[in-house]
Amino acid sequence: MGLMPEKFLKPYNSKEVEKNIYKRWEESGYFNPDVCIKEGVTAPDAPVFSMVLPPPNATGELHIGSALMLCIEDIVTRYKRMQGFRTLWIPGTDHAAIATQSKVEKELYKEKKTRHDFSREEFVNIVHEFVLKNKGRIKEQIIAMGCSLDWSREAFTLDEKREIGVRTAFTRMYNAGLIFRGERIVNWDPKLQTTISDDEIEHKEQNDPFYYFQYGPFVIGTARPETKFGDKYVVMHPEDKRYKEYTQGQKINLEWINGPLVATVIKDPIIDMSFGSGVMTITPAHSAIDFDIAKRHGLDIEQVIDFNGKLLPIAGEFAGVHIKKARPLIVEKLQKKGLLVKTDEAYVHNIAINSRGGELIEPQIKLQWFIDVNKKFSLTHSKIKGIKSGEETSLKDAMLHVVQSGEIKILPPQFEKHYFHWIENFKPWCISRQILYGHRIPVWYRGDEISVGVTAPAGEGWRQDEDTLDTWFSSALWTFSTLGWPEETKDLKTYHPTTLLETGYDILFFWVARMILMSVFHMGEVPFKTVYLHGIVRNEQGKKLSKSLNNAGDPLEMTEKYGTDALRMALIVGNGPGNDLKLAEEKIKAYKHFANKLWNVGRFVLQHTPDGGAAVFTQSDQQYVTQFIALAGDVADDMENYRLHLAAEKLYHYIWDVFASAILEESKTIFKIGTPEDIASRKRLVMTVFSDFLKLLHPFMPFITEEIWTSMPTAKSLLMVEKWPNDF
RNA sequence: GCACCCUUAGCUCAGUUGGUAGAGCACACCCCUCACACGGGUGGGGUCGUAGGUUCGAGUCCUACAGGGUGCACCA
């Protein structure tokens, strides 16, 4: 018997190993690149690899999708660290303003309380306490996945440092004229009592009756009769022959819901002649398109529905009635007046709902803060390829430019098209929210005066804007706010732009695009060089998922049951970039078996090869060496090109089919009846190949490889900072 | 409506630059042989959605179609 410790006599026990190993990593300080340099495991002038962790919602749960994200990012990080890079992966959490506040309000509601039972300060404190409790749990979950994050640099989108960043960003953009306050039509959620951005809207198909009403000489169609009270403009296409007798601005007397009305004819090419009767009345205060038409023709804009979803006095007898209740009543009245022409019951259309809360969105006109993405500004300090310092550009143009020029590469490449398409439709970004939890808008008012800045203005009588910022405003600064910006820190100079941004494709627009926007403006450079997008894991609503009952559940449960390494492999193998993942528990189990296989290979190696030796390889062993070097090259090539799934599979098959089934099986005979030269050669082969194999596999299965490594005679320090094997 | 993705073994999916089909699980039979039964061995199972095209050669590229899914836009 050789060096084999007793622990190898039992099957691999992930539970006993994992906590212990993580503690050793953490205590080593090697998650922090500064320590790596100080201890001499990384060269001070080594190339940099940096990445931010997409900050999980502070009140969220770590789900199997986050596990996939953590796993991919940790694999890349560990690989780069072993390649000798100055490697930094920054952890943090997101305050997720709306989501968090809704959650707390739900909790409060259980005690029959609402946010209105508290002062602003009290309420924010309640939310804050809630967040603190949850943050710890998320950190535990991230640790359980084995992530090599530098916890000394942990950040939170709503902590003090980030608040300075947010206020600085707001102020500088305001001063550049890119942030403005204006009355626009916005997406209003009557339930959460806040605006949301266009991207937070979800369209849902719904069947509603479609009514045709007699409107003077015209027949108009609508699915929303409750908005029609104030409709005094009738719009048609200028080239519609059916209505050529009517002229722009013509007045028409007609009978409407609450009595006689003078309507004005408007001609506008936006009208689709083939839809309905080709004529419509407009409600500019509650429809984005109608609002545009009204602006174009200088028409009156009148609010019909209040911010709670109830009809205003303009509705006459219906004033104060909720729109949901009012609709059938209005139809009934119009029918009685003989103005209902017909009803199409089979009408299917898309309604807008808030993806965060689920309530129907009511377009409303409100005074809000926006980022103007089209306005030209001068980019004073540009490091962006193709844009000179001082050159004029717009946020939109710059955002397009950095991807078109290839300075930012998006993987898989088809998502570049999604990105371009989205940018082309990018309208002013509404950044103010009427909720309490979040970064309060750094603007103060006093009479007609306005003051924008990082701190409150001096003097009496200033009142701060009541609104908070869209949560994505602060997370958009993440690549540089985590590095100390707006201070010109050493971290900022060293690690920005970050090397890689890895996240789910579902937040390409929400987050990735907005990070590009912010970095371009504030840093004059890209936030990252490569974007790697992984697929999402469908929830119970996903049709495919619900039909199979063996889909895996909570990641923590899985790591408990099968070990983190097994879960990591199951998440990686067979899951190409950008593809959605459906994970069967059986697959995780299979990689638990693989972990045990590796464990037993370790046992064999340590039993039979007490020393590494310096023997000369026999010809056949030399072939194995060559094969292994080729494998190491292949794996490195896959890693460089983010083909993690292929790399993992190659490693799996190598250790099982080549190393265990061929090399070890042969070795049994060689060790028994081989010549001394054969034996020495084989012992060296087995030890060196296995030892280096552990390095190759470590990014994927960090715990078990580190645990076996501690028993290897070749081990000098932790495996996590060993150099990636490039040759023998 | 516009765009993108998917369709490969019973199930879940790989297959990076085009070169005679792979994995895990499941299934059948054999083996508790001295690293490992969380193992080993043997075996069954696929006209790679359909129809064309390019090519010496296509699951892999092109075109059309069908089915499934996603994103964006939107109808008054």
Side-chain angles (χ1 to χ4, degrees), chain A residues 4 8-9 11-13 198-199 201-203 210-212 220-224 227-228 231 234-236 270-272 274-283 287-290 293 347-350 352 412-422 424-426 505-506 508-509 535-536 538 542-544 547-548 550-552 562-563 566 569-570 573-608 634 637-638 641-643 645-649 652-653 656-657 660-661 664-665 667-668 672:
Chain A
M4 194 194 70
F8 282 103
L9 294 175
Y12 176 63
N13 185 331
D198 294 343
D199 297 284
I201 284 184
E202 216 165 65
H203 292 281
F210 191 78
Y211 305 100
Y212 289 90
I220 58 155
T222 184
R224 299 201 60 194
T227 64
K228 296 282 151 200
D231 289 12
V234 59
V235 191
M236 60 210 72
I270 199 161
I271 299 295
D272 178 1
S274 63
F275 187 86
S277 57
V279 178
M280 72 172 189
T281 61
I282 56 166
T283 313
S287 155
I289 286 197
D290 294 3
I293 295 172
Y347 181 65
V348 175
H349 64 148
N350 288 316
Q414 65 261 29
F415 283 102
E416 289 191 356
K417 279 186 192 167
H418 288 234
Y419 177 82
F420 293 138
H421 186 241
W422 180 83
E424 278 153 25
N425 290 304
F426 194 19
Y505 66 72
D506 52 327
L508 174 61
F509 310 134
I536 55 169
R538 312 233 162 256
K543 280 148 206 158
K544 276 197 168 176
K547 93 176 174 194
S548 80
N550 65 335
N551 54 323
Y562 302 107
M569 282 297 274
V573 175
N575 183 233
N579 283 346
D580 289 351
L581 178 78
K582 211 194 311 176
L583 183 66
E585 193 169 333
E586 284 300 321
K587 191 176 175 190
I588 308 173
K589 194 173 159 193
Y591 287 101
K592 178 187 189 276
H593 294 180
F594 175 64
N596 198 53
K597 181 74 180 181
L598 186 73
W599 188 250
N600 286 309
V601 168
R603 178 195 299 178
F604 182 95
V605 170
L606 291 169
Q607 266 178 353
H608 291 90
D634 274 0
D637 190 49
D638 285 336
N641 292 292
Y642 301 105
R643 298 188 296 250
H645 59 307
L646 297 185
E649 204 173 354
Y652 176 94
H653 283 114
W656 207 305
D657 300 337
S661 296
L664 294 192
E665 289 304 325
S667 301
K668 289 175 189 171
K672 238 183 252 168

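To find a chain, count down the sequence lines: A is the first, B the second, and so on, and within it residues start at 1.
- Nucleotides B:rG67 and B:rA51 place their C1' atoms 15 Å apart, quoted to the nearest Å.
- Checking the phosphate oxygens (OP1, OP2) of B:rG15, a side-chain nitrogen or oxygen of A:H645 falls inside 4.0 Å.
- Within the 4.0 angstrom heavy-atom criterion, no nucleotide atom of any strand lies near A:K589.
- At the heavy-atom level, A:D637 lies nowhere under 4.0 Å from the strands shown.
- A:H653 comes within contact range of the sugar-phosphate backbone alone, with a heavy-atom separation under 4.0 Å but no base atom that close.
- Straight-line distance between the P atoms of B:rG15 and B:rU8: roughly 14 Å, to the nearest whole Å.
- Comparing A:E649 and A:Q414, the nucleotide of RNA chain B nearest to each residue sits closer to the 5' end for A:Q414.
- Checked against B:rC38, B:rU16, B:rA76, the side chain of A:K592 finds its nearest nucleotide in B:rC38.
- Rounded to whole Å, the separation between the C1' atoms of B:rA14 and B:rC25 comes to 14 Å.
- For B:rA3, neither phosphate oxygen OP1 nor OP2 lies less than 4.0 angstrom from any side-chain nitrogen or oxygen of A:W422.
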Once pairs are restricted to Watson-Crick or G-U wobble with both distances under 3.5 Å, how does RNA chain B read as a dot-bracket string, [ ] for crossings and | for other-strand pairs?
(((((((..((((........)))).(((((.......))))).....(((((.......))))))))))))....

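- Regarding contacts with the backbone of B:rC74, every side-chain N or O of A:H349 stays at 4.0 angstrom or more from both OP1 and OP2.
- For B:rA35, its base sits under 3.5 Å from the side chain of A:E665 at one donor and acceptor pair at least.
- Atom C1' of B:rG59 sits at a distance of 47 Å from the matching atom of B:rA76, rounded to the whole Å.
- Considering only heavy atoms from C-beta on, A:F594 comes within 4.5 Å of A:W656 through its side chain.
- Heavy atoms of A:Y12 sit nowhere under 4.0 angstrom from any nucleic acid atom.
- Contacts of A:F420 with the nucleic acid, taken as non-hydrogen atoms under 4.0 Å apart, are absent.
- Backbone-only engagement by A:Y652 is indicated by non-hydrogen atom pairs under 4.0 Å involving sugar-phosphate atoms exclusively.
- Taking the P atoms as reference points, B:rA28 lies 41 Å from B:rG18, given to the whole Å.
- Proximity of A:Y419 to the phosphate of B:rC72: no side-chain N or O atom is located under 4.0 Å from OP1 or OP2.
- Each of B:rA14, B:rG40, B:rA76 was ranked by its minimum atom distance to the side chain of A:K597; first place goes to B:rG40.
- Checking the phosphate oxygens (OP1, OP2) of B:rA3, no side-chain nitrogen or oxygen of A:K417 falls inside 4.0 Å.
- Ring-plane geometry between A:Y212 and A:F210 is classed as perpendicular, the angle between the planes exceeding 60 degrees on a 0 to 90 degree scale with a lower cut at 30.
- Among the heavy atoms of the strands, none lies under 4.0 Å from A:G563.
- Among the protein residues, A:K228 comes within range of the sugar-phosphate backbone only, with heavy atoms under 4.0 Å from sugar or phosphate atoms but none that close to a base.
- Of the residues near RNA chain B, A:F275 and A:G574, the one whose nearest nucleotide (by heavy atom distance) lies more toward the 5' end is A:G574.
- When the C1' atom is compared between B:rG44 and B:rC29, the two are found 11 Å apart, to the nearest whole Å.
- If you take atom C1' in B:rU7 and the same atom in B:rG49, they sit 5 Å apart, rounded to whole Å.
- Distance from the side chain of A:N350 is smallest to B:rA73 among B:rU70, B:rC75, B:rA73.
- A distance of about 12 Å separates the C1' atoms of B:rG45 and B:rA26, rounded to the whole Å.
- Aromatic ring centroids of A:F426 and A:F509 lie 6.0 Å or more apart.
- Nucleic acid contact for A:A595: none, since no nucleic acid atom lies under 4.0 Å from a heavy atom of the residue.
- Proximity note for A:N600 (side chain, C-beta onward) versus B:rA35, B:rG39, B:rG24: the nearest is B:rA35.
- A:F509 comes within contact range of the sugar-phosphate backbone alone, with a heavy-atom separation under 4.0 Å but no base atom that close.
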